[in-house]
Amino acid sequence: MSTTGIAQDTAALMSSVLGGILYGFSVLMFIGTIWTFMYKRCIRDVRRPITVIATLLFLLSTVHMVVCIIHVEDGLVKYRDSFPGGPVAFFTDVSQPTFVVNNVIYTLQTLLGDGVVIYRCYVVWQSGWVIILPCMMWCGVAVLGVCSVYSFSQTSATISNVETLFTNKTGHLIATFLAFTLATNVLSTGLLACRIWMIERKISTVRATKGKIIPILRVLIDAAILYSAALCSSIICLALSNGGLYVMGDLIIPTISIAFYMVFIRIVLSQNNQEYASAVYGGTAEIERSTD
């Protein structure tokens, strides 16, 4: 089965342009995140690990953008006339070092993003039992990611392997990796949203004023929908053997960063940032004590 839709050289150029736009948004949101640390003085509320995670997401996105530019420059300029088959064959060769490095970054970014959601889930539930299944799925994502990267590095650039990339062992690994990632994100976000909704119901029974935790649900659901939409698009492209999969792979990396920054900034900049940050990052014990 051959790939359909976007040609590989076109997909590479398109992913670099669109990825650059999303990277620009993620940089602005990273700056906004740092601004909230400096001027809103909320580090004690969200704890320093969140600062480290935000920085790691930014660094991974930056390295990914640099590698993407190098990959496009290699295919369209450096090896344009010397690589057998030209630019199309170059960008189809998934064993290229720059392509493999990008997939390593993608795996790390995915693990970091999913890990943040699972961490939020643990903090809000204050129970390790709740996150056993998400953690098992996260480990599955890690194993599948490593296997996919290794498979890419060992893939030959022959026409037969290129044409069956979407249906051979590597394609199955990619499909399983995306499915596990989507399931982990949806499950962890669902558990997190459920707990916050339960807390809101408990608070609403003892407070005369309207609860102010519900906006957290909207923020989390918005971020989950953004991330899940990108994953679903990748799965659809893979199922249709469409070259757009290469584009979506480069777009998901800045999308993960944007989803994380979006949740943090919208929570901290809210009027009751102490209550919001406590619910999402610092646990629910303080909020529940206020209802007793």
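All of these numbers come straight from a predicted model, not from anything done at the bench.
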**Request:** Determine the minimum heavy-atom distance between L191 and C121, stating which atoms define it.
**Result:** CB-SG, 3.5 Å
**Message:** Nearest 0.5 angstrom please: L187 CG to M137 CE, how far?
**Reply:** 6.0 Å
**Asked** Can you tell me how far the CD1 atom of I258 sits from the CG atom of L57, to the nearest 0.5 Å?
**Response** 11.0 Å
**Derivation and outcome, side chain to side chain contact (heavy atoms under 4.5 Å, CB included), residues L182 and C232** = CA-CA 8 Å; L182 178 61; C232 288; 3.9 Å; yes
**Complete:** Between the CZ atom in R195 and the OG atom in S127, the distance rounded to the nearest 0.5 Å is 9.5 Å
**Message:** When you compare the side chain of F177 with that of Y106, does any pair of heavy atoms fall below 4.5 Å?
**Reply:** yes
**Prompt:** After noting the C-alpha distance and the side-chain angles of F30 and T55, does the key distance pass the side chain to side chain contact (heavy atoms under 4.5 Å, CB included) rule?
**Reply:** CA-CA 8 Å; F30 173 73; T55 303; 4.3 Å; yes
**Request:** Kindly indicate whether the side chain of L108, heavy atoms from C-beta on, has any atom under 4.5 Å from the side chain of L56.
**Result:** no
**Item:** Shared hydrophobic cluster for L111 and M136 (ILVMFWY, side-chain gaps under 4.5 Å)
**Value:** no
**Request:** State plainly whether one hydrophobic cluster holds both L192 and L133, where clusters connect Ile, Leu, Val, Met, Phe, Trp and Tyr through side-chain heavy atoms under 4.5 angstrom apart.
**Result:** yes
**Item:** Minimum heavy-atom distance S26-P254, with the two atoms named
**Value:** CB-O, 4.3 Å
**Non-hydrogen atoms of T255 and A230 that approach each other most closely** = CG2-CB, 4.5 Å
**Polar side chain donor-acceptor pair, N185 to S228, under 3.5 angstrom** = yes
**Prompt:** Are Q109 and S61 side-chain neighbours, meaning at least one heavy-atom pair lies under 4.5 Å?
**Reply:** yes
**Message:** Looking at Y261 and A54, would you say the former's side chain and the latter's main chain have a donor-acceptor pair under 3.5 Å?
**Reply:** yes
**Stepwise side chain to side chain contact (heavy atoms under 4.5 Å, CB included) test for T181 and W138** = CA-CA 8 Å; T181 302; W138 185 88; over 6 Å; no
**Message:** Under a 3.5 Å cutoff, is there a donor and acceptor pairing between the side chains of S95 and S153?
**Reply:** no
**Request:** Kindly indicate whether the side chain of F260, heavy atoms from C-beta on, has any atom under 4.5 Å from the side chain of I256.
**Result:** no
**Prompt:** Does V141 belong to the same Ile/Leu/Val/Met/Phe/Trp/Tyr cluster as I174, with side-chain heavy atoms less than 4.5 Å apart forming each link?
**Reply:** yes
**Prompt:** Do you reckon I31 sits in the same ILVMFWY cluster as V52, going by side-chain contacts under 4.5 Å, direct or chained?
**Reply:** yes
**Request:** Tell me whether L59 is reachable from F25 by hopping between hydrophobic residues (I, L, V, M, F, W, Y) whose side-chain heavy atoms are closer than 4.5 Å.
**Result:** yes
**Request:** Go through the steps for Y23 and T62 under the test side-chain hydrogen bond (donor to acceptor under 3.5 Å, both in side chains), then give the verdict.
**Result:** CA-CA 8 Å; Y23 172 72; T62 301; 2.8 Å; yes
**Request:** May I ask you to test the T10-F91 pair for a side-chain heavy-atom distance under 4.5 Å?
**Result:** no
**Item:** Between OG on residue S148 and CG on residue N103, distance to nearest 0.5 Å
**Value:** 8.0 Å
**Message:** For a quick check under 3.5 Å, do H71 and N102 share a side-chain donor-acceptor pair by atom type?
**Reply:** no
**side-chain contact (heavy atoms from CB on, under 4.5 Å) partner of T98, the single match among V72, D74, V66** = D74
**Atom pair CD/OG of E73 and S16 - distance to nearest 0.5 Å** = 11.5 Å
**Prompt:** Taking all atoms of both residues into account, what is the closest heavy-atom pair of S234 and L245, and its distance?
**Reply:** O-CD1, 3.5 Å
**Prompt:** Stepwise, does the side chain to side chain contact (heavy atoms under 4.5 Å, CB included) test hold for H64 with V101?
**Reply:** CA-CA 8 Å; H64 166 258; V101 170; over 6 Å; no
**Asked** For A259 and A223, which heavy atoms make the closest approach, and how far apart are they?
**Response** O-CB, 3.9 Å
**Request:** Give the minimum heavy-atom separation between A11 and V247, together with the two atoms involved.
**Result:** O-CG2, 3.6 Å
**Item:** Pairwise side-chain contact, C135 with I118, heavy-atom cut-off 4.5 Å (strictly under)
**Value:** yes
**Prompt:** Where the side chain of S15 meets the backbone of A12, is there a donor-acceptor pair that is under 3.5 Å apart?
**Reply:** yes
**Message:** Do Y246 and V94 have side chains that approach each other closer than 4.5 Å (heavy atoms only, starting at C-beta)?
**Reply:** yes
**Item:** Within-4.5 Å side-chain heavy-atom neighbours: Y119 and V124
**Value:** no
**Request:** Measure the spacing between CE of M248 and CG of L238 and express it to the nearest 0.5 Å.
**Result:** 12.5 Å
